[in-house]
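The structure presented is a predicted model; accordingly, all values stated were derived computationally and were not measured. We number each residue from 1, following the sequence as shown.
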Amino acid sequence: MKNTRWWLIRHAPVPNPGKVIYGRSDPAADTGDSDALAALAARLPAQAVWVTSHLRRTRQTAAALRLPGSDMALVERALAEQDFGRWEGLSHDDVAGLHPEEARRFWTDPAVESPPDGESFAAVMERVAGAVARLTTLYAGRDIVAVIHGGSIRAALALALDLTPQAALRLSVAPLSLSRIDHYGREGMDGSWSVAALNALGTFPGSGR
């Protein structure tokens, strides 16, 4: 039986003075906290497969963390943050003022409701589960360092813990935090999962995801 270890890292903080929603948008991350980056890098395995989403903030963070001897980072679009559609670039107050009916509908059940032209968190869980299963099968028995997003890390943890979308949204994932899920088995959706670490090392600034 093979043990495949996923090291899940949320990207470095994104400066966001306007507290806007930037899920699938592409702002830059602030990778200037060298102490936090060094502490996180010291926890990571050598000879790992590295994965990022296609968004700049994950690629910047991975570049700041990369260890000698690690594989070139794969870009996996299915591990991107939730798409908030027409709400991207707006603050929550903007959304409430400009789209009051849509906002009320969304907040009745944000796990399964979608922003206009966006996707639900349940849809995020489905696509992330597919990517995790595929990569777990492809790299069975290896360490996979995934520098991704708060939403996609919640989705991966939900897979390991067998959580509903509603329960998964209760998880907080801090910038530059480390979580780890381990898979035991041969195939990406067969076998069993365990959680070896949850939200280690990160801090909780008062910014949006």
Side-chain angles (χ1 to χ4, degrees), residues 1-12 29 31 33-82 121 123-163 168 171-202 209:
M1 181 175 292
K2 293 184 177 180
N3 176 14
T4 308
R5 297 160 299 279
W6 280 81
W7 304 74
L8 304 168
I9 298 168
R10 188 181 175 190
H11 58 79
T31 57
D33 190 341
S34 57
D35 290 341
L37 289 164
L40 181 52
R43 297 280 296 273
L44 301 177
Q47 309 300 323
V49 176
W50 283 64
V51 183
T52 71
S53 79
H54 64 290
L55 296 172
R56 172 172 45 173
R57 54 194 184 268
T58 67
R59 293 183 284 110
Q60 289 175 319
T61 305
L65 288 169
R66 286 283 296 280
L67 304 179
S70 57
D71 289 356
M72 182 178 296
L74 307 171
V75 175
E76 179 56 68
R77 297 181 71 91
L79 296 177
E81 183 58 282
Q82 183 173 354
F121 182 68
V124 175
M125 284 178 55
E126 183 176 354
R127 64 171 165 80
V128 168
V132 169
R134 175 166 42 81
L135 293 171
T136 297
T137 299
L138 186 60
Y139 298 107
R142 296 196 61 181
D143 290 289
I144 303 172
V145 177
V147 185
I148 47 177
H149 305 269
S152 42
I153 291 172
R154 287 185 189 93
L157 290 167
L159 174 65
L161 293 168
D162 196 24
L163 298 180
L171 299 171
S172 294
V173 181
L176 288 180
S177 65
L178 170 66
S179 299
R180 206 183 92 195
I181 57 176
D182 291 3
H183 181 265
Y184 301 89
R186 293 187 183 87
E187 301 295 335
M189 294 303 286
D190 293 336
S192 61
W193 289 96
S194 67
V195 176
L198 179 61
N199 217 40
L201 298 175
R209 67 180 177 188

Would you say the side-chain atoms of T137 pair up with the backbone N or O of A133, donor to acceptor, closer than 3.5 Å?
-> yes

Atom pair CG (D33) and CG (L40), whose distance is rounded to the nearest 0.5 Å = 10.5 Å

Looking at side-chain heavy atoms only, is the closest gap between V51 and I144 below 4.5 Å?
-> yes

Residues N199 and A174: closest non-hydrogen pair is OD1-N, 3.1 Å

Do T52 and I148 pass the side-chain contact (heavy atoms from CB on, under 4.5 Å) test, and can you show the C-alpha distance, the side-chain angles, and the key distance before you say yes or no?
-> CA-CA 6 Å; T52 71; I148 47 177; 5.7 Å; no

Under 3.5 Å, is there a donor-acceptor pair between the side chain of Q60 and the main chain of A29?
-> yes

Would you verify whether the NZ or CZ of R66 falls within 45 degrees of the ring axis of W50 while also being under 6.0 Å from that six-membered ring's centre?
-> yes

Output yes when a side-chain donor or acceptor of T4 lies under 3.5 Å from a complementary backbone atom of G141, and no otherwise.
-> yes

What pair of heavy atoms forms the shortest contact from F121 to G151, and how long is it?
-> CE1-O, 3.5 Å

Are any non-hydrogen side-chain atoms of I181 and S194 less than 4.5 angstrom apart?
-> no

Which atom of R10 lies closest to which atom of I153, heavy atoms considered | N-CD1, 3.3 Å

Would a distance-only check, ignoring hydrogens and angles, find a side-chain to backbone donor-acceptor pair under 3.5 Å from E81 to H149?
-> no

Could you walk me through whether I9 and L65 pass the side-chain contact (heavy atoms from CB on, under 4.5 Å) check?
-> CA-CA 10 Å; I9 298 168; L65 288 169; 4.1 Å; yes

Check against side chain to side chain donor-acceptor pair (under 3.5 Å), W6 and T136 | CA-CA 9 Å; W6 280 81; T136 297; 2.8 Å; yes

Heavy-atom distance under 4.5 Å between the side chains of L8 and L178, does that happen here?
-> no

Measure the spacing between CG of L74 and OG of S53 and express it to the nearest 0.5 Å.
-> 12.5 Å

Indicate the atoms forming the closest heavy-atom contact of R59 with H54, along with that distance.
-> NE-O, 3.3 Å

So, the side chain of T61 versus the backbone of H11: is there a donor-acceptor pair under 3.5 Å, distance only?
-> no

Could you tell me whether a side-chain N or O of R127 sits under 3.5 Å from a main-chain N or O of M125, the two making a donor and an acceptor?
-> no

Say whether, by atom type as modelled, one donor and one acceptor occur between the side chain of R154 and the main chain of L171 under 3.5 angstrom.
-> yes

Measuring from Y139:OH to K2:NZ, what's the distance to the nearest 0.5 Å?
-> 13.5 Å

Take S179 and V173 through the test side-chain contact (heavy atoms from CB on, under 4.5 Å) and record every step on the way to the result.
-> CA-CA 9 Å; S179 299; V173 181; 5.6 Å; no

Given side chains that start at C-beta, do those of D182 and W193 come closer than 4.5 Å, heavy atoms only?
-> no

Determine, step by step, whether S152 and V128 satisfy the side-chain contact (heavy atoms from CB on, under 4.5 Å) criterion, reporting the C-alpha distance in whole Å, the side-chain angles of both residues, the deciding distance to 0.1 Å, and the verdict.
-> CA-CA 6 Å; S152 42; V128 168; 3.9 Å; yes

Looking only at heavy atoms, the pair that brings R142 and A48 closest together is NH2-C, 4.1 Å

pair L159-V132: side-chain heavy atoms closer than 4.5 Å = yes

Identify the two heavy atoms, one from A12 and one from L176, that lie closest to each other, and give their separation to 0.1 Å.
-> CA-CG, 3.8 Å

Non-hydrogen side-chain atoms of L55 and R57 separated by less than 4.5 Å = yes

Flag the pair D143 / V49 as yes when at least one side-chain heavy-atom distance between them is below 4.5 Å, and no otherwise.
-> no

